[in-house]
Visitor: 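My structure is below; once you've seen it, I'll send some questions.
No hydrogens, no waters, no symmetry mates; every other heavy atom, side chains included, goes into these values. Residue numbers start from 1 in every chain, and the chains themselves are labelled A, B, ... in the order their sequence lines are given, proteins ahead of strands.
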Amino acid sequence: MPELPEVETVRRHLACALSGRRLHRVRARRNDLLKGGWHCRALERELTGRTVGEIGRRGKNLIIGLSNGAVLLAHLGMTGRLCVTDAEAPTDQHTHLIADLSDGRRLVFRDPRRFGHLELCADGRPGESETLRNVGLDAMADAFTARRLAEMLAGRTAPVKAALLDQRCVAGIGNIYACEAMFRAGISPQAPCGELSEEQVRRLHRAIRRVLAEAIAAEGTTIADYVTGAGVPGRFGERLRVYGREGERCRRRGCAGVIERIVQSNRSTFYCPACQR
DNA sequence: ACAACCTCCTGGGGGC
DNA sequence: TGCCCCCAGGAGGTTG
């Protein structure tokens with residue numbers, strides 16, 4: 001599931017394969033995947049002829065700069081893929097946008113489960129878009145400090161896990177890396193936000209940064225069908241310490257605990273009851 | 001204001 | 001073998 005490291009991997013791929021190319025024929029197929037009031041024909045008209053500039057990211061959102069100051073935003077949801085393929089590569093009913101590029105290849109947006117979406121900001125003010133207006137500080141941004149994390153958690157009674165998943169606070173963490181960060185920090189996913197000590201918040205901040213940086217270096221985690229731009233699975237899956245490991249032994253040296261799975265806000269949480277308190 | 005649910009969607013897997 | 005049900009979860013919406 002594309003969280004920050006997977007989206008960053010896609011961003012790097014697109015920066016190589018898409019930046020500098022012109023979009024010369026665009027087909028959009030589903031109005032319900034377009035935010036900001038767009039429909040397919042208008043989006044096709046607006047995109048056609050634009051040249052792709054820099055590719056950025058905030059949280060799990062891709063920010064694709066276009067000529068004339070427009071910006072295309074893309075969220076991959078659960079199963080979304082945005083990649084540059086050969087023009088002969090087959091497409092299916094889950095392919096929702098195809099843009100032929102000036103170099104003979106094509107940009108393809110495919111998303112079977114359709115939790116993803118696209119939004120064009122013709123005015124070049126993506127910060128006010130439907131997509132980004134509720135998205136907080138990127139988890140890898142310099143401005144995301146332990147102090148900022150402490151401010152976000154202060155006074156809240158919700159479990160820490162819920163706060164980490166809330167994109168309005170810190171953006172980019174999903175279910176996998178929330179579990180992994182809490183394990184590394186040795187903090188119970190059920191601990192109320194406001195009850196963490198300063199030291200625990202510092203540990204949590206450090207754990208978030210480290211697990212995300214390691215996952216970026218490994219080109220993400222492949223659970224079901226995410227692949228990197230090169231079409232290969234991410235390598236971080238083998239380094240997960242709790243996610244998906246229910247019933248297995250804790251990997252922390254000297255810990256005899258067994259990983260448990262609980263459900264929090266309808267989502268699986270994996271943790272070690274022996275080392276997370 | 002905040003927290004706890006519900007909803008959208010499809011493919012894959014388990015059980016019978 | 002085939003069918004049905006459940007499960008995965010990002011994020012916005014609704015309810016309390």
Visitor: Measure OH/A:Y177 against C1'/C:dG10 and give the value in whole Å, please.
Guide: 15 Å
Visitor: Could you check how far CD of A:Q190 sits from P of B:dA3, rounded to whole Å?
Guide: 16 Å
Visitor: Distance check needed: B:dA3 P versus A:D166 CG, whole Å only.
Guide: 9 Å
Visitor: Measure from the side-chain heavy atoms of A:N266 and tell me the nearest of B:dG11, C:dG10, B:dC6.
Guide: B:dC6
Visitor: From CG of A:L33 over to C1' of C:dG10, roughly how many Å is that when rounded to an integer?
Guide: 14 Å
Visitor: Counting the atoms with a prime plus P, OP1 and OP2 as sugar-phosphate, which does A:R30 contact under 4.0 Å by heavy atoms, base, sugar-phosphate, or nothing?
Guide: nothing
Visitor: State whether a side-chain donor-acceptor pair under 3.5 Å links A:S268 with A:R261.
Guide: yes
Visitor: For B:dA3, take OP1 and OP2 only and decide whether either is under 4.0 Å from a side-chain N or O of A:R156.
Guide: yes
Visitor: Does the side chain of A:H94 get closer than 4.0 angstrom to OP1 or OP2 of B:dC9 through an N or O atom?
Guide: no
Visitor: Answer yes if the side chains of A:Q264 and A:T269 hold a donor-acceptor pair under 3.5 Å, and no otherwise.
Guide: yes
Visitor: Under a 3.5 Å threshold, yes or no: a donor from one side chain and an acceptor from the other, between A:S188 and A:Q276?
Guide: no
Visitor: Say whether A:Y177 and A:E6, considering side chains only, have a donor N or O and an acceptor N or O under 3.5 Å apart.
Guide: yes
Visitor: To the nearest angstrom, how far is A:D111 atom CG from B:dC9 atom C1'?
Guide: 9 Å
Visitor: Would you kindly say whether A:K35 and A:T131 are connected by a side-chain donor-acceptor distance under 3.5 Å?
Guide: no
Visitor: What is the distance from CZ of A:R113 to P of B:dG11, rounded to the nearest Å?
Guide: 9 Å
Visitor: Rounded to the Å, how far apart are A:L76 CG and C:dG10 P?
Guide: 12 Å
Visitor: If you count every heavy atom of other residues, nucleotides or ligands that lies below 6.0 Å from A:E199 atom CD, does the total exceed 12?
Guide: yes
Visitor: Of the candidate nucleotides B:dG11, B:dA4, C:dA8, which contains the atom at the shortest distance from the side chain of A:Y243?
Guide: C:dA8
Visitor: Measuring to OP1 and OP2 of B:dA3, would you say a side-chain N or O of A:T157 lies under 4.0 angstrom away?
Guide: yes
Visitor: Go through the steps to decide whether A:S67 and A:R50 satisfy the test side-chain hydrogen bond (donor to acceptor under 3.5 Å, both in side chains), and finish with yes or no.
Guide: CA-CA 5 Å; A:S67 49; A:R50 307 254 193 191; 5.3 Å; no
Visitor: Let me know the distance between CD1 of A:I262 and C1' of C:dC7, rounded to the nearest Å.
Guide: 18 Å
Visitor: Quick one: what's the B/S/- string for nucleotides 11-16 of chain C, heavy-atom cutoff under 4.0 Å, read 5' to 3'?
Guide: BS----
Visitor: Considering just the side-chain nitrogens and oxygens of A:S268, establish if one lies under 4.0 Å of OP1 or OP2 belonging to C:dC7.
Guide: no
